[in-house]
2 protein chains.
Amino acid sequence: MGRTPSSRPTLARVAERAGVSVSTASLAFSGSGPITPETRDKVLAAASELGYTGPNPLGRQLRRGRSGIVGVVIGDHPGRAFRDPVAVQVLDGLVDVLGTEGLGVLLIPGVDLGQDAVDPLLETAAMDVAVLVWGVLSEDPTLNALQRRNVPVVVGEGRAVEGAPLVALEDRAGAAEAVRHLVELGHTRIAEISLPFGRGERSGPADAERLACADRTPTAHRMAGIRDVVDPVITWETPASLVEHGRDAATEILGTWVPASERPTAIVAHSDLLAAGAVIAARELGLSIPEDVSIAGFDGLDLPWLSPDVLTSVHQPLREKGARLGRAVIDLLAGEEPTSIALPVGLVPGTTTGPVPRT
Amino acid sequence: MGRTPSSRPTLARVAERAGVSVSTASLAFSGSGPITPETRDKVLAAASELGYTGPNPLGRQLRRGRSGIVGVVIGDHPGRAFRDPVAVQVLDGLVDVLGTEGLGVLLIPGVDLGQDAVDPLLETAAMDVAVLVWGVLSEDPTLNALQRRNVPVVVGEGRAVEGAPLVALEDRAGAAEAVRHLVELGHTRIAEISLPFGRGERSGPADAERLACADRTPTAHRMAGIRDVVDPVITWETPASLVEHGRDAATEILGTWVPASERPTAIVAHSDLLAAGAVIAARELGLSIPEDVSIAGFDGLDLPWLSPDVLTSVHQPLREKGARLGRAVIDLLAGEEPTSIALPVGLVPGTTTGPVPRT
DNA sequence: CCGCGCGGTCAAATCGTTTCGATCCAGGTG
DNA sequence: CACCTGGATCGAAACGATTTGACCGCGCGG
């Protein structure tokens, strides 16, 4: 019980050895408060003789009442969540900003959709704030667990949560802009490849009833933005923002679904990964882009492997979003009342969209 | 000073309200030790009346002497490190296994190569063990910082470190196998696209002197494996395992570097991302794969966007590697002496390698 | 009838640090 | 020479929990 000689030296032992009080020794390390350089050196010398490696973070945290840890709830296992460059870039901005304040990021796997149990880390891990990067469902078990524990929450890209700052993107306006671009090029038969709807991941065309279930953000916002301009001739739902799902969807949409004469002349996808999959499917079907079909994405990712095509996409400031999330966390910890914001997005035309083919 | 009425209720207050001692109240929550169901309910009731949300992790951690946190040092900012699916998959396996023990993963950005300062988290954050996933340099400042703090370390994919278990892959054998495959197909003019060498990232052909500087793993191991079978006609060094770098390298190697008659007939890349870039470059140059040039990668990633090509690659059990790292961490915490291992790898032929073109 | 053992409860010691307020001392001022 | 000021140091009280060993009835076997 700590009586073993092998247990690490403590500040008290260092102080004793240096012939000063514990409080003074603490001062020598924390740097705050007045202390003679001479005394400090004495303490530091004693510390190094004893092999003391600096104040124990656990003691410090308890005393301070802060862990210096920010829990980041990722949508799923990292293996899936981080296959999406969008999540990665947001995380990057977040880590960067939090790093400037010495805050660390603790990775918390979100719920396995369909499971009711949440990760034990959510219930027990020490964290000063939690960030929900990937949106919030209605009746989100993750959010509930955090609120039960009174952990302050910052929400990225979801519906607003009582008392929690929200950092969003102007999804709806962006989606509308992308579709307007297609309409201006003359397209009328526009197909939509959508992100997951929420609970119950599936793939395939969505009917009106199913469309009404899309409660996850940003899916719902992007759907709304598209419909602000035009009604898609078909909406193909996917289980995740991955290239292979976009490819599967577009293979159906462009291939067997309808006779060639009624084939959609343009596809708008909810994400660049889905759009890239659509581009690949079109290539495989022998269609020229954008002569036969136009394809627009959403995210503004840099996808060198899609070469020579460059996606027409809606650029989002993703690292900036992560950074804003970080700022919100910091403000929250400083006791300030942080404000929600929506970051602007903008269409960046590439080579994958062009005038509607003359028939 | 905790004298404010707004401060959270503590176990002591709950105990007082329930009319029991603090120790009994603790028992009611921790579940260990004998306690009458009746008493437990009394405590739980008092807790919910007071809005007590369970034992404060900070207090618990201090008492236990454990934080339940595993620091994972990623090579760089997440934005760069996680663009590599290899790192992501390893992390995935790691998080999964640690999760079963209630251990959380704290993300720690590695050093900015060239900077001498390490991330403050490395110096101050609470962690029971640290994992270096992405290899260790000789004289690694990150490793030094951890050793100075007496934090136990588990190393993935690097050189062995005194007292730290190592979880590696049979890189050398795998690389040799890939090249042997090319040689058996008749290739003799084989070019190598390599991972970063270590400090000082650059891109371009590497001369003998430069080759000697490759001290980072797994680069060094893969280079050695390749040379166990054949000497590459050229080694092109890249600053990171990214598609665009592979593309740039292959554009040079296959294009302008030598007259077409002396052009390498095969390329072996140290990673699948680099190899994928090479495939794209070959396509852009109008070369057929594998008729004009064979390309082999390393990692065994699933790259749907490379369709219709499927990379010939050396499959690595990446999630398994992460899981083993996790096990090593758990063993270390249990006081057992964990052992180092090297996981087997195996060649998986795809469509990107074929017989040497007849000239 | 006595003592033993056992399940449930409690008191007290720790874990290692930070910080508030008090103390002490040297040096400058009236 | 006494007083005051301000900087350096110190003591002690938190911070919030876990855990050990003692304690205390009570039921049962001898």
Side-chain angles (χ1 to χ4, degrees), chain A residues 1-4 6-43 46-47 50-68 123-126 128 149-150, chain B residues 1-4 6-43 46-47 50-68 123-126 128 149-150:
Chain A
M1 283 277 25
R3 191 54 46 209
T4 75
S6 78
S7 90
R8 296 228 187 302
T10 81
L11 197 51
R13 290 233 268 269
V14 172
E16 187 187 18
R17 169 135 191 167
V20 301
S21 77
V22 195
S23 26
T24 304
S26 172
L27 256 27
F29 282 97
S30 72
S32 68
I35 189 172
T36 315
E38 190 176 295
T39 312
R40 197 219 326 275
D41 291 346
K42 206 163 50 181
V43 174
L50 259 46
Y52 180 77
T53 57
N56 182 323
L58 265 26
R60 180 208 299 264
Q61 288 173 11
L62 174 59
R63 178 62 236 236
R64 289 248 178 97
R66 290 250 168 111
S67 64
E123 311 275 20
T124 64
D128 300 336
R149 280 184 66 189
N150 284 321
Chain B
M1 282 277 22
R3 192 55 45 209
T4 75
S6 78
S7 88
R8 297 227 186 303
T10 81
L11 196 53
R13 289 232 268 268
V14 172
E16 186 187 18
R17 169 137 190 164
V20 301
S21 76
V22 198
S23 21
T24 303
S26 172
L27 255 26
F29 283 98
S30 72
S32 69
I35 190 173
T36 313
E38 191 177 295
T39 313
R40 197 218 325 276
D41 290 348
K42 206 165 52 182
V43 174
L50 258 46
Y52 179 77
T53 58
N56 182 322
L58 264 28
R60 180 208 297 266
Q61 287 173 13
L62 174 58
R63 178 61 234 240
R64 289 245 176 101
R66 288 251 168 110
S67 63
E123 310 274 20
T124 65
D128 299 335
R149 280 184 67 190
N150 283 322

Task: Spacing of A:Arg8 atom CZ relative to C:dC15 atom P, expressed in whole Å - done: 15 Å
Task: Distance test, side-chain N/O of A:Thr36 to OP1/OP2 of D:dG7, below 4.0 Å - done: no
TODO: Work out how much the helix from C:dC1-D:dG30 to C:dG30-D:dC1 bends between its end axes, five pairs an end, to the nearest 10 degrees.
DONE: 60°
Open item on the list: Looking at B:Ser21, I'd like to know whether one of its side-chain N or O atoms comes within less than 4.0 Å of OP1 or OP2 on C:dC10.
Closed with: yes
Open item on the list: Between the base of C:dT17 and the side chain of A:Arg63, is there a donor and acceptor pair under 3.5 angstrom?
Closed with: no
Task: Which nucleotide in D:dT9, D:dT18, C:dG8 has an atom nearest any side-chain atom of B:Val22 - done: D:dT18
Task: Gap between atoms CG and P, on A:Leu62 and C:dT14 respectively (whole Å) - done: 17 Å
Task: A:Arg64 CZ to D:dA17 P, straight-line distance once rounded to whole Å - done: 20 Å
Task: Side-chain N,O (A:Ser26) to OP1/OP2 (C:dT17) below 4.0 Å - done: no
Open item on the list: I need the CZ-C1' distance between B:Arg66 and D:dT19, as an integer number of Å.
Closed with: 16 Å
- [ ] Using a 4.0 Å heavy-atom cut-off across all strands, classify B:Thr10 as base, sugar-phosphate, or nothing.
- [x] sugar-phosphate
Task: Pair listing, salt bridge (Lys or Arg N to Asp or Glu O under 4.0 Å) test, anchored in residues 14-24 of chain A, at least two apart - done: A:Arg17-A:Glu49
Open item on the list: By the 4.0 Å heavy-atom rule, please label A:Thr39 as base, sugar-phosphate, or nothing.
Closed with: sugar-phosphate
- [ ] Sequence neighbours left out, what passes side-chain contact (heavy atoms from CB on, under 4.5 Å) with A:Ser21? Give chain and number order.
- [x] A:Ser23, A:Thr24
Open item on the list: Rounded to whole Å, how long is the line connecting atom CG of B:Asp128 with atom C1' of C:dC15?
Closed with: 14 Å
Below 3.5 Å, can you tabulate the donor-acceptor pairs from side chains in residues 51-61 of chain B to any protein atom, sequence neighbours excluded?
{"from": "B:Tyr52", "atom 1": "OH", "to": "B:Gly54", "atom 2": "O", "distance (Å)": "3.4"}
{"from": "B:Asn56", "atom 1": "OD1", "to": "B:Leu58", "atom 2": "N", "distance (Å)": "2.6"}
{"from": "B:Gln61", "atom 1": "NE2", "to": "B:Ser67", "atom 2": "O", "distance (Å)": "3.4"}

Open item on the list: Using every non-hydrogen atom in the two residues, find where B:Val14 and B:Ala46 come nearest and quote the distance to one decimal.
Closed with: O-CB, 3.9 Å
Atom pairs and distances, donor-acceptor, side-chain atoms in residues 35-42 of chain B, under 3.5 Å, two or more places apart:
none

- [ ] Return the residues of residues 53-61 of chain A meeting this criterion: a heavy atom under 4.0 Å from some atom of DNA chain D. Order them by number, or give none.
- [x] none
TODO: Classify the side chain of A:Ser23 versus the base of D:dG11 as yes if they form a donor-acceptor pair under 3.5 Å and no if they do not.
DONE: yes
Open item on the list: What is the separation between atom CZ on A:Arg40 and atom P on D:dG7, rounded to the nearest whole Å?
Closed with: 17 Å
Open item on the list: Distance check needed: C:dT17 C1' versus A:Leu27 CG, whole Å only.
Closed with: 12 Å
Open item on the list: Classify B:Tyr52 by what it touches in the nucleic acid, base, sugar-phosphate, or nothing, heavy-atom distance under 4.0 Å.
Closed with: sugar-phosphate
Task: Exercise: identify the closest heavy-atom pair between B:Pro34 and B:Leu27 - done: O-CD2, 4.1 Å
Task: Distance-minimising heavy-atom pair for A:Val20 and A:Ala25 - done: CG2-N, 4.2 Å
- [ ] Might you point out which heavy atoms bring B:Ala18 and B:Val43 nearest each other, and give the distance in Å?
- [x] CB-CA, 4.0 Å
- [ ] Calculate the interatomic distance between A:Leu11 atom CG and C:dT17 atom P; express it in whole Å.
- [x] 5 Å
Open item on the list: Can a donor-acceptor pair be found, under 3.5 Å and without considering hydrogens, that links the side chain of B:Arg13 to the backbone of B:Leu50?
Closed with: no
Task: Short side-chain N/O contact from B:Thr24 to OP1 or OP2 of C:dC10, under 4.0 Å - done: yes
